[in-house]
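Throughout, protein chains are lettered first and strands after them, A, B, ... in sequence-line order, and every chain is numbered starting at 1. FYI, side chains are in, hydrogens and waters are out, and symmetry mates aren't considered; it's all heavy atoms of this structure.
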Protein chains: 2
Amino acid sequence: MNVVTVRSRRLEYSETTRQALVNSAVELFTRYGYADTSLDEVAKRARVTKGALYHHFSGKRGLFEAAFAEVETKVMGRLGEIVRGPGDPWESAIAGLRAYVEVCLEPAYQRIVVHEGPVVLGWERWRQAEEGFSFGVLRSAVENLVVSGELDDLPVEITTRLLFGALSSAATVIATSPDPRKASADVTRSIDRVVEGLRRRPTPDPTDNR
Amino acid sequence: MNVVTVRSRRLEYSETTRQALVNSAVELFTRYGYADTSLDEVAKRARVTKGALYHHFSGKRGLFEAAFAEVETKVMGRLGEIVRGPGDPWESAIAGLRAYVEVCLEPAYQRIVVHEGPVVLGWERWRQAEEGFSFGVLRSAVENLVVSGELDDLPVEITTRLLFGALSSAATVIATSPDPRKASADVTRSIDRVVEGLRRRPTPDPTDNR
DNA sequence: CACCGGTACGTACTGTCGGTATGTCGTAAC
DNA sequence: GTTACGACATACCGACAGTACGTACCGGTG
């Protein structure tokens, strides 16, 4: 007798079906966007009917959330280990930025998470979801820099939002550029410059200008 | 033929009807978003039928573009004169940034232009439209700073995109914050810090020569 | 083995909404 | 007065999200 979990064949089938629906959804949402993707088509690609879809998800938005989570979890693997990697915090933060721009180039991430996420889920719901994913990682990176004294103690939440917005725009620029390689280089240069400007300077200059 | 343009009463009515439709669209798109706004409702608020709507606009997206343009033109008035105002370029640029954040706080601008614009119109079409509006203004401001030597000669297009993205995020943060006054102060502080970091420093930096 | 409860779907239908085709009325030109 | 046309209204179609209900099949119980 099996002492461990007795995963019934039934549940296995069910899980497979659900995964097929999610995969189909990610693909179609990425290609055609939320509005121009029909649930019948999603179901058809997964070789089931709408009945199965509505059994597994609450509706179109529910399916979208599942697709969102799917894309994010896949992304988090790569991103997390880079940021949490060993070495000087400044270096790994920079590496994290570059990695995140890379991630943003993924069509699925860009469309589902960055562009349509806030619109479909509503900004507040999207923010909550992001808390446990990319945004959370980025913020903890910024937090590390502030703690380790690399950044002036700006409000972490706000600064991270600004960075997040800038990086998303950056990725979109690269993705839609006719010459992505050059665009990518330019973007990296600009971002490095911005972040370098934020770095705490040894010379004290409290509210210097004017 | 008449030398003076005789604006017929007919055309006047027509223009009024069109304007009523645009106003109705701006209101409903702002409140419920693009997807959850029905054309019948838009027409009803304008006290006409869908026939009139389709006479004036190519469809739902056409109506959205008109609403987009309406919001942008209203905004441009305030924004343009600030940026093009007299005085030192750095000061007026900073003033422009603050003004733009203010603009972004307008619910209509935030929802129609910032959030749903890229999704509904598609990013490329949105970018083209923005060229003649806020983004264009922001970029010319950045260009001025580079020309006047206040900013290192970073690629203007990219840098402006980054700024644009950061500012939009900033505005969203303020708008959804439970304490908008504090959020606004924090945001201003962060932005000032970022921009200040970008400012060309008179003393040559060890890493950044020239 | 027979029976049964529930899960995992499939099928058929409804309501809403974007879009179209067509009709109508008033104004302006001749 | 007739004609032409612009500015709408009305009626309808097709697509699609969501619902109601039926069904097959698995797993447990006696």
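- When rounded to the nearest whole Å, the span between CD of A:Glu15 and P of C:dA8 equals 10 Å.
- Looking at A:Glu124 and A:Arg127, a side-chain N of the basic residue comes within less than 4.0 Å of a carboxylate O on the acidic one, giving a salt bridge.
- Spacing between atom NZ of B:Lys60 and atom P of C:dT20 amounts to 14 Å, rounded to whole angstrom units.
- Among the nucleotides C:dG19, D:dT10, C:dG10, the one closest to the side chain of B:Lys50 is C:dG19.
- For the pair B:Thr17 and D:dC8, the criterion of a side-chain N or O lying under 4.0 Å from OP1 or OP2 is met.
- The CZ-C1' distance, from A:Phe57 to C:dA8, rounds to 13 Å in whole Å.
- Here the straight-line distance linking atom CD1 of A:Ile94 with atom CG of A:Asp192 works out to 5.5 Å at 0.5 Å rounding.
- A salt bridge links B:Arg45 and B:Glu27; the closest N-O separation between the charged side-chain nitrogens and carboxylate oxygens is under 4.0 Å.
- Contacts of B:Gly51 with the nucleic acid, taken as non-hydrogen atoms under 4.0 Å apart, include base atoms.
- Closest approach to the A:Ser14 side chain among D:dC8, C:dG19, C:dC9 is made by C:dC9 (side chain taken as heavy atoms from C-beta onward).
- Listed in residue order, the members of residues 26-46 of chain B having a heavy atom less than 4.0 Å from DNA chain C are B:Thr37, B:Ser38, B:Leu39.
- Rounded to an integer number of Å, the gap from A:Leu53 CG to C:dC9 C1' is 12 Å.
- Minimum interatomic distance between B:Leu105 and B:Ala171 (heavy atoms only, all atoms of both residues): CD2-O, 3.6 Å.
- Taking atom OH of B:Tyr13 as the reference point, atom P of C:dA28 lies 10 Å away to the nearest angstrom.
- Taking the side chain of B:Tyr54 as heavy atoms from C-beta on, and the options D:dA17, C:dG19, C:dA8, the nearest nucleotide is C:dG19.
- Residue B:His55 has a polar side-chain atom (N or O) positioned under 4.0 Å from OP1 or OP2 of D:dA7.
- Salt-bridge formation is detected for the pair B:Glu196/B:Arg199: a Lys NZ or Arg NE/NH1/NH2 atom is positioned less than 4.0 Å from an Asp or Glu carboxylate oxygen.
- Taking the six-membered ring for Trp and thresholds of 30 and 60 degrees, A:Trp126 and A:Phe164 have ring planes inclined between 30 and 60 degrees apart.
- Remark: A:Arg161 qualifies as a cation-pi partner of A:Phe135 under the 6.0 Å distance and 45° angle criteria applied to the six-membered ring.
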